[in-house]
Novice: 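One structure, pasted below without further comment.
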Amino acid sequence: MLTPYAPEPYSDFTDQANAAKYQAGLAVVASKIGERALLVIGGQHVDTKDTITSVNPSSPDQRVGAAASASPEHVEQAMDAAWKAYAEWSRRTPEERAGFVHRVGDLMLERKFELAAWQSYEAGKNWAEAEADVAEAIDFCRYYAHQALRMAEPLEVIQVDGETNTSTLQPIGVGVVIPPWNFPLAIPVGMVMGPVAAGNTVIMKPASNTPLIAWSFMKVLEEAGMPDGVVNFLPGSGGAIGDALVDHPRTRFINFTGSKEIGIRIAERSAKVHPGQKWLKRSYMEMGEKDALIVDDTVDIEAAAADAVRSAFGFQGQKCSACSRLIAFDSIHDDLVDAVVAIASKLPMGPAIENYAAGPVISAAQHRSVLAEIESGKEEAHLVMGGHPVERDGGYYIEPTVFVDVDRNARLAQHEIFGPVLSVIKVGDFDEALDVANDTEFGLTGGVYSNDTERLTRAKREFHAGNLYLNRKITGALVGVQPFGGYNMSGSNAKGGGPDYLRLFMEMKSVAERNR
Ligand code: NAP
């Protein structure tokens, strides 16, 4: 029997007892610093000559650990192991599979603060952000365990005289899971456990910025007794093994989350049928964003500004749901910008393990790329706040940055930056606000702050985003509550954490039997 599903609550870290638990998690991770993550193929740990080095973005001189780095031969071995395991895993009862998946969530709950602490060290997440990520991972396991049982129910079909007709859902085979680094536990866990709960087996290639966090997930799977080969683990650079995984004729499905550029590449490659391939691959691509929050002239400006700041600068703007465009009515624009700047400029900045509100961006490459976008932004808009790197322990810090007078077609308004940069666009009325909000190639999250019921109703219908938030922050979707996934170039609208997610990794068999 599974416990009824409800999202895992968050801790209040101003409570000393909770803070002590987080400190204890940090101490456990501190004692494991320098660990080496290995490949896991059919339950066997495999080391390699090549290595991925993982550093603490708050102080990159600190090496958090390292990971073995897979080559295309390992892809071949992992494919064999995953298909071998599929023969057995796909025949287990849905109850057995759901039991394993739920148990993984239960074990993560027991290790919640250690799993969160890894994120403070390796991804630069402060305590609340890291805990929320682990809570989401736990939620995925528990929610998908329930969904697996629901998917096992026979589907409703019409009966005709003389026959018994049934339609049931079945797993489809071996999938490749390629997650990003920004929700380094929650996203891989969701992308792996959904298909696995449905009876498939997978090969997971974690993001190269966060292999130790993914390794901590593998260790929980081992502890939960997940059968060998159900989840195979191939850390390795996307450039080195990505094509081998995607192109493989025995890859049945690809579950990707990351940038638009890599998503498009995988979509194109996965459409090609290779010699020996017996199916068209299913491929799901969840990609980038240019999320907008509209603020009109009917609201409490302070409240709107506080939620704009949370949405834009939480985890340094490195969320696919982050607010990167603030669309402000002309009449309140200046007050709103003043309020945003007043709140954002007070965010203390420092190391994630010390729980500062603002931390580093993920890597040296991301640091360079965001600063280059800020430099080019200065040519097309007016910088009112931030814009500089901050020197502390060599960490990858960038000030929360706000541009105003941003043209709706400017690069700042169209191109994903994925860092702490907010572009404010002024509009005359709600028609224009919606028009600007919808005028990018993306459509992941969006929001409206308004007390005008008619405008909110219009937004529900006309704001083209997969996740729309009214009068609140636009980040923090909860599993089972706000299924997550966008429109257009934001991706396939796979809706992770939603009731249809497992269906993406299943096919339907319909059986008609003449009555005897
Ligand atoms: P990324 O550079 O596209 O990388 C994503 C994953 O793809 C990583 O595991 C990466 O491996 C791998 N990869 C790289 N090249 C590959 C190739 N040729 N073939 C196969 N895989 C390859 O994205 P990111 O920087 O990790 O993540 C940030 C992006 O993710 C942003 O655009 C953000 O908006 C998006 N995102 C979207 C959602 C959503 O739900 N829509 C959620 C989270 C993030 P390496 O790490 O080894 O390069």
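As the structure lists them, so they are numbered: ligands from 1, and atoms in each ligand from 1.
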Novice: Can you confirm whether V40 sits close enough to W215 that some side-chain heavy atom of one is under 4.5 Å from a side-chain heavy atom of the other?
Specialist: yes

Novice: Is it the case that atom CD in Q44 sees more than 12 heavy atoms from other parts of the structure closer than 6.0 Å?
Specialist: no

Novice: For the residue pair E76 / H248, report whether a side-chain donor-acceptor contact shorter than 3.5 Å exists.
Specialist: yes

Novice: Using a strict cut-off of less than 4.0 Å between a Lys/Arg side-chain nitrogen and an Asp/Glu carboxylate oxygen, indicate whether K378 and E375 qualify as a salt bridge.
Specialist: yes

Novice: For atom 40 (O) of ligand 1, what is the closest protein heavy atom, and at what distance to 0.1 Å?
Specialist: F484 CE2, 3.5 Å

Novice: Please say whether more than 12 non-hydrogen atoms of neighbouring residues, nucleotides or ligands are located less than 6.0 Å from CD1 in I264.
Specialist: yes

Novice: Report yes if some N/O of F418 lies less than 3.5 Å from some N/O of ligand 1; otherwise report no.
Specialist: no

Novice: Can S321 be said to touch ligand 1, with heavy atoms closer than 4.0 Å?
Specialist: no

Novice: In the structure I gave you, are the side-chain heavy atoms of H74 and I41 within less than 4.5 Å of one another anywhere?
Specialist: yes

Novice: My understanding is that we take every heavy atom of each candidate and find the minimum distance to atom 23 (O) of ligand 1. Doing that for S259, G486, G466, which one comes out nearest?
Specialist: S259

Novice: Would you call the rings of Y487 and H464 parallel, tilted or perpendicular if under 30° counts as parallel and over 60° as perpendicular?
Specialist: tilted

Novice: What residue and heavy atom of the protein are closest to atom 36 (N) of ligand 1, and at what distance?
Specialist: C320 CB, 3.7 Å

Novice: Among all protein heavy atoms, pick out the one at the shortest distance from atom 44 (C) of ligand 1; state its residue, atom name and that distance to 0.1 Å.
Specialist: N182 OD1, 3.4 Å

Novice: Quick check, are the ring centers of F418 and W181 under 6.0 angstrom apart?
Specialist: yes

Novice: Please state which part of L245 comes within less than 4.0 Å of ligand 1, counting heavy atoms only: side chain, backbone, both or neither.
Specialist: neither

Novice: On a heavy-atom basis, I'd like to know which of D247, L444, I178 is closest to atom 7 (O) of ligand 1.
Specialist: I178

Novice: Could you find the nearest protein heavy atom to atom 48 (O) of ligand 1 and give me its residue, atom name and distance?
Specialist: G238 N, 4.0 Å

Novice: Just jot down the ligand 1 atoms closer than 4.0 angstrom to any heavy atom of F256, in number order.
Specialist: 3 (O), 5 (C), 6 (C), 7 (O)

Novice: I'd like the name of whichever of G239, G242, P180 reaches closest to atom 19 (N) of ligand 1 through any heavy atom.
Specialist: G242

Novice: Where the side chain of T401 meets the backbone of E399, is there a donor-acceptor pair that is under 3.5 Å apart?
Specialist: yes

Novice: Please state which protein non-hydrogen atom is closest to atom 24 (P) of ligand 1 and give its distance, to 0.1 Å?
Specialist: W181 NE1, 3.4 Å

Novice: Quick check on S490 - does any of its heavy atoms sit under 4.0 Å from an atom of ligand 1?
Specialist: yes

Novice: Quick test of your reading of the structure: of Q366, E416, M285, whose heavy atom lies closest to atom 32 (O) of ligand 1?
Specialist: E416

Novice: Nearest protein heavy atom to atom 11 (O) of ligand 1, by residue and atom, and its distance?
Specialist: K205 NZ, 3.0 Å

Novice: May I ask you to identify the nearest protein heavy atom to atom 8 (C) of ligand 1, giving residue, atom name and distance to one decimal place in Å?
Specialist: P179 O, 3.3 Å

Novice: Considering only the protein, which heavy-atom contact is closest to atom 46 (O) of ligand 1, and what is its distance?
Specialist: S208 N, 2.8 Å

Novice: Just to be sure I read this right, does ligand 1 sit under 4.0 Å from the backbone of T257, its side chain, both, or neither, counting only heavy atoms?
Specialist: both

Novice: Measure V246 to ligand 1 on non-hydrogen atoms and call it side chain, backbone, both or neither using the 4.0 Å cut-off.
Specialist: neither

Novice: Within the 4.0 Å heavy-atom shell around S237, which atoms of ligand 1 are there?
Specialist: 47 (O)

Novice: Parallel, tilted or perpendicular: which fits the ring planes of Y144 and F140, with parallel below 30° and perpendicular above 60°?
Specialist: parallel

Novice: Considering only heavy atoms from C-beta outward, does the side chain of P499 approach that of Q147 to under 4.5 Å?
Specialist: yes

Novice: Establish whether atom 4 (O) of ligand 1 and some protein heavy atom are separated by less than 4.0 angstrom.
Specialist: no

Novice: Does the side chain of L234 come within less than 4.5 Å of I241's, by heavy atoms?
Specialist: yes

Novice: Does the S237 side chain pair with the main chain of G239, one donor and one acceptor, at a distance under 3.5 Å?
Specialist: yes

Novice: Heavy-atom distances under 4.0 Å are what count here, so tell me which part of F183 touches ligand 1: side chain, backbone, both or neither.
Specialist: neither

Novice: Identify which of M287, K290, Q318 has a heavy atom lying nearest to atom 37 (C) of ligand 1.
Specialist: M287

Novice: Heavy atoms only, cut-off 4.0 Å: how does R265 contact ligand 1, side chain, backbone, both, or neither?
Specialist: side chain

Novice: Using side-chain heavy atoms (C-beta onward) and a distance below 4.5 Å, is P184 in contact with Q119?
Specialist: yes

